[in-house]
Engineer: 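Following this message is one structure expressed as structure tokens.
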Amino acid sequence: MFALLETAMELGLIYGLTVLALFLSYSMLGVCDLSTDGCFTLGAAVGSVTLLAGHPLLSLPAAMAVGALSGFMTAALQTRLGVDPLLSGIIVNTGLYSVNIAVMGGSAQLNLNRSNTLFTLTRELLAYFLPAGLARTVLLLLLIVLTAVLLSLFLRTRLGLAIRATGNNPDMVRSSSINPAFTITVGLCLAGALTGLSGCLLAQYQRSAEINMGSGILTVALASLLIGRALVPRGNIPLRAAGAVAGAFLFRLVYALALQLRMPAYMLKLTSAVIVALTIALPYLKNRFPCLSSAKRPKEGKNYAESLSYLQNL
């Protein structure tokens with residue numbers, strides 16, 4: 001049972017980075033980036049190639065850089081070429097399949113068993129202080145906490161407030177002499193960087209990178225984000241970010257329990273879809289059937305006056 005919880009926590013922390021990326025792009029910016037699956041695999045591919053070249057520490061910034069580039073391409077299609085946001089994500093995601101194959105040298109899979117990963121380096125560094133499995137968990141916990149703190153601090157800056165205001169009321173932002181194209185680009189680049197980092201860590205965690213490893217990641221991240229929103233419906237940015245990461249852990253725990261119950265592997269994606277559907281439908285069901293909730297929960301998001309307060313701080 002302890003091993004089950006440990007695995008769920010570690011995978012939840014890794015996927016938590018993608019959930020934080022979706023928290024930034026979807027919850028804050030109001031853009032559903034459908035290129036997440038391809039961006040996740042791109043980070044894993046570039047990180048693995050960098051690792052195989054003998055640079056495990058450089059694999060993380062390399063994965064973040066290409067993830068940011070993926071986000072930039074998605075944003076450019078939206079803001080410069082007038083492509084619909086959903087369609088731009090689909091276009092980039094489709095193109096990234098070929099790019100990922102090319103990055104991996106024409107192969108569909110890369111084996112990292114004979115290479116030193118970030119986790120093996122951490123295990124050797126902390127061998128005298130922590131067990132091997134615990135050292136891995138501590139490393140992931142430090143990474144996710146650092147990322148959540150930096151993201152929360154960024155969203156309180158002038159640029160971060162502008163991004164939040166853009167997701168809330170783009171017309172008002174435009175009338176306030178703020179360029180929405182710039183804020184959308186910055187937001188999607190940061191989200192892409194976090195997604196690429198998550199893919200890189202997963203490849204090193206499982207010691208392999210595979211062309212379809214990002215398939216369904218958007219659904220997983222969205223389900224985790226919605227679970228986190230149910231856990232923390234209101235609150236400040238750090239609290240909501242913590243709720244998103246907790247949602248990722250709970251989602252992976254459900255996955256792990258499903259495997260323990262010997263559910264066929266091909267049923268896991270259906271499980272993800274059901275969790276997403278139920279979580280999205282929960283507010284509607286509470287309104288339709290008041291007996292499910294003693295009080296009506298306020299709607300997510302900011303109103304016009306709160307948006308104005310964002311812009312007044314710029």
Side-chain angles (χ1 to χ4, degrees), residues 14-15 17-50 59-110 147 151 163 166-167 170 179-203 209-225 269 272-273 276:
I14 292 175
Y15 287 113
L17 292 170
T18 304
V19 177
L20 288 177
L22 199 63
F23 174 74
L24 174 60
S25 62
Y26 182 68
S27 297
M28 296 290 102
L29 195 56
V31 176
C32 187
D33 185 7
L34 296 185
S35 67
T36 299
D37 291 7
C39 183
F40 186 91
T41 306
L42 178 64
V46 172
S48 298
V49 170
T50 307
S59 63
L60 300 186
M64 294 181 68
V66 295
L69 181 59
S70 172
F72 177 80
M73 295 301 300
T74 305
L77 289 175
Q78 297 180 33
T79 60
R80 305 299 179 186
L81 299 179
V83 180
D84 181 81
L86 295 179
L87 185 57
S88 64
I90 295 174
I91 292 173
V92 172
N93 187 57
T94 303
L96 283 178
Y97 185 89
S98 299
V99 172
N100 293 333
I101 288 285
V103 168
M104 292 192 292
S107 174
Q109 186 174 13
L110 293 177
T147 302
L151 180 61
I163 289 176
T166 301
N179 186 5
F182 177 72
T183 54
I184 290 174
T185 301
V186 172
L188 290 182
C189 285
L190 289 176
L194 294 179
T195 304
L197 176 62
S198 180
C200 178
L201 288 175
L202 182 62
E210 197 263 329
I211 189 62
N212 292 318
M213 65 183 296
S215 177
I217 290 299
L218 179 61
T219 305
V220 172
L222 182 59
S224 303
L225 182 63
K269 290 189 181 297
S272 303
V276 172

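These numbers come from the heavy atoms of this one structure, side chains and all, not from hydrogens, waters or symmetry mates. Since the model is a prediction, treat every value here as computed from it, not as a measurement.
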Engineer: Are the side chains of L34 and N93 in contact, using a 4.5 Å heavy-atom criterion?
Structural biologist: no
Engineer: As an exercise, state the distance from CG of D33 to CD1 of I90, rounded to the nearest 0.5 Å.
Structural biologist: 11.0 Å
Engineer: V66 and A63: which non-hydrogen atoms are nearest, and at how many Å?
Structural biologist: CG2-O, 3.2 Å
Engineer: Residues in side-chain contact (heavy atoms from CB on, under 4.5 Å) with S107, at least two apart?
Structural biologist: none
Engineer: Applying side-chain contact (heavy atoms from CB on, under 4.5 Å), name anything that partners V49, two or more places apart in sequence or on another chain.
Structural biologist: V103, L110
Engineer: Kindly write out the residues that satisfy side chain to side chain donor-acceptor pair (under 3.5 Å) with T74, not counting sequence neighbours, or none if the list is empty.
Structural biologist: S35
Engineer: Can you pull the side-chain hydrogen bond (donor to acceptor under 3.5 Å, both in side chains) pairs that have at least one residue in residues 77-90, sequence neighbours excluded?
Structural biologist: Q78-S88
Engineer: Hey, what do you get for OG1 (T185) to CG (L190), rounding to the nearest 0.5 Å?
Structural biologist: 11.0 Å
Engineer: With sequence neighbours left out, write down each residue that passes side-chain contact (heavy atoms from CB on, under 4.5 Å) with M28, or none if nothing qualifies.
Structural biologist: F23, L24, L155, R164, I237, R240
Engineer: Working to the nearest 0.5 angstrom, can you tell me the gap between L96 CG and D37 CG?
Structural biologist: 10.0 Å
Engineer: What's the shortest heavy-atom distance between S70 and L42, and which atoms?
Structural biologist: CB-CD2, 4.3 Å
Engineer: Which heavy atom of N100 sits nearest to which heavy atom of A45, and what is that distance?
Structural biologist: O-CB, 4.4 Å
Engineer: Return the CZ to CG distance between F72 and L77, rounded to the nearest 0.5 Å.
Structural biologist: 10.0 Å
Engineer: Let me check something: any side-chain donor-acceptor pairs from residues 194-203 under 3.5 Å, sequence neighbours excluded? List them with distances.
Structural biologist:
| residue | atom | partner | partner atom | Å |
| --- | --- | --- | --- | --- |
| T195 | OG1 | A191 | O | 2.9 |
| S198 | OG | I14 | O | 2.7 |
| S198 | OG | T18 | OG1 | 2.9 |

Engineer: Please walk me through it: do I184 and T166 pass side-chain contact (heavy atoms from CB on, under 4.5 Å)?
Structural biologist: CA-CA 8 Å; I184 290 174; T166 301; 4.1 Å; yes
Engineer: Identify every side-chain donor-acceptor pair in residues 209-218 under 3.5 Å, counting partners at least two apart or on other chains, and give the distances.
Structural biologist:
| residue | atom | partner | partner atom | Å |
| --- | --- | --- | --- | --- |
| E210 | OE1 | N212 | N | 3.0 |
| E210 | OE1 | M213 | N | 3.3 |
| E210 | OE2 | N212 | N | 3.4 |

Engineer: Return the CG to CZ distance between L17 and F40, rounded to the nearest 0.5 Å.
Structural biologist: 9.0 Å
